[in-house]
Amino acid sequence: MASSPSPPATAATATVTSEGPDPGSPLAYDWHYPDISSRAKWSVSSFKFGFGAECLRDNDPDTFWHSDGPQPHFITIEFPQKVAIQKLSICLSFRQDDSYTPSALAVRAGTGLNDLQDVRGVNFERPEGWVTFDISAEPTEDGDTFPVYAYVLQIIIMANHMSGKDTHVRGLRVLGPIEDNPDSEDPFAFHTPKFRMFETIR
């Protein structure tokens, strides 16, 4: 289990709504952005036996992380190297989980557990399905948002619907930025190691 976070400072907060279909569609998050979840070590503040951090990433909408301890509940995601994080996708179901459904999250990022900074706050109103939102609220000139570069990401459940105590989260994905693929414009791109030996002229 990760150490308990201190109360979050003020961060940019947005109210978001479900963007995906029913949680019965387990892979319904935004495929346009690369899923970098598997690169990290995942831990949670508490859990009931059989409902731990593994349920956040098993692609099964019928399983869920079930917290079992004092608030605030939180998920800690630790990467072995600094990564660019663009969005989070979270699967929630007010219809199934009622007062266990999160209504407010705080997102923190940093180089370690001791220097986490608040980067985003998100509110939910009876969410149903996958909800995807930007990690950063800082806009680019194109109207998108800048990615956040971090080793550690922490998602804190600040409140549940109907003042519930413990929480259910049915899925979570960490998404990186979309990267341009230079090979996509080359009809004769080199892909195998043997061909890449001759990719440039010496």
Side-chain angles (χ1 to χ4, degrees), residues 8 11-40 42-48 50-68 71-77 84-109 119-137 143-145 147-148 153-178:
T13 303
T15 299
V16 296
T17 57
S18 302
E19 297 178 358
D22 188 279
S25 184
L27 298 178
Y29 54 89
D30 195 335
W31 280 102
H32 294 97
Y33 294 84
D35 183 358
I36 60 173
S37 307
S38 62
R39 303 182 193 176
W42 291 57
S43 59
V44 291
S45 53
S46 65
F47 63 92
K48 286 188 178 293
F51 297 89
E54 68 279 0
C55 296
L56 295 168
R57 300 191 52 243
D58 62 4
N59 296 331
D60 185 348
D62 294 325
T63 67
F64 47 84
W65 167 48
H66 189 320
S67 66
D68 187 24
Q71 295 175 313
H73 310 299
F74 54 94
I75 303 163
T76 303
I77 304 168
I85 304 169
Q86 187 73 47
K87 294 176 181 285
L88 278 180
S89 278
I90 188 169
C91 187
L92 304 171
S93 178
F94 179 79
R95 185 177 66 243
Q96 298 180 79
D97 297 326
D98 200 46
S99 64
Y100 289 92
T101 310
S103 61
L105 301 180
V107 182
R108 288 179 164 181
V119 294
R120 194 69 193 270
V122 179
N123 296 322
F124 303 108
E125 183 64 38
R126 298 182 176 228
E128 200 65 48
W130 284 95
V131 183
T132 302
F133 58 90
D134 289 300
I135 287 292
S136 173
D144 295 324
T145 60
V148 170
L153 193 68
Q154 193 170 75
I155 298 93
I156 306 170
I157 313 298
M158 300 303 301
N160 291 322
H161 284 75
M162 303 163 62
S163 301
K165 300 303 181 185
D166 279 311
T167 198
H168 288 178
V169 177
R170 293 178 175 268
L172 186 65
R173 294 290 179 271
V174 182
L175 307 178
I178 297 175

- Side chain to side chain, F133 and L88, heavy atoms closer than 4.5 Å: yes
- Item | Heavy-atom pair of closest approach, residues D134 and K87 | OD1-NZ, 2.9 Å
- Message: Using only atom types and a distance under 3.5 Å, with no angle test, would you say the side chain of Q71 pairs donor to acceptor with the backbone of A159?
- Response: no
- Message: Would you say Q86 and T145 are linked by a side-chain donor-acceptor pair, where the criterion is simply a distance under 3.5 Å?
- Response: yes
- Those residues that, when tested against D98, pass salt bridge (charged side-chain N to carboxylate O under 4.0 Å, His left out) (two or more places apart): none
- Is there side-chain contact between N160 and S99, with at least one heavy-atom pair below 4.5 Å? no
- Query: Which heavy atom of C55 sits nearest a heavy atom of G50, and at what distance?
  - Reply: SG-O, 3.6 Å
- Query: Is the closest side-chain heavy-atom distance between Y33 and T132 below 4.5 Å?
  - Reply: no
- Are H168 and F51 close enough that their ring centers fall under 6.0 Å? no
- Just by modelled atom types, is the P61 backbone N or O under 3.5 Å from a matching donor or acceptor in the R170 side chain? yes
- Under 6.0 Å from the CZ atom of F64, do we count more than 12 heavy atoms belonging to anything else shown? yes
- Query: By side-chain contact (heavy atoms from CB on, under 4.5 Å), which residues pair with S67, not counting sequence neighbours?
  - Reply: S46, W65, H73, D166, T167
- Query: Who are the side-chain hydrogen bond (donor to acceptor under 3.5 Å, both in side chains) partners of S37, not counting sequence neighbours?
  - Reply: D35
- Backbone N or O of S43 within a donor-acceptor pair of the T76 side chain at under 3.5 Å? no
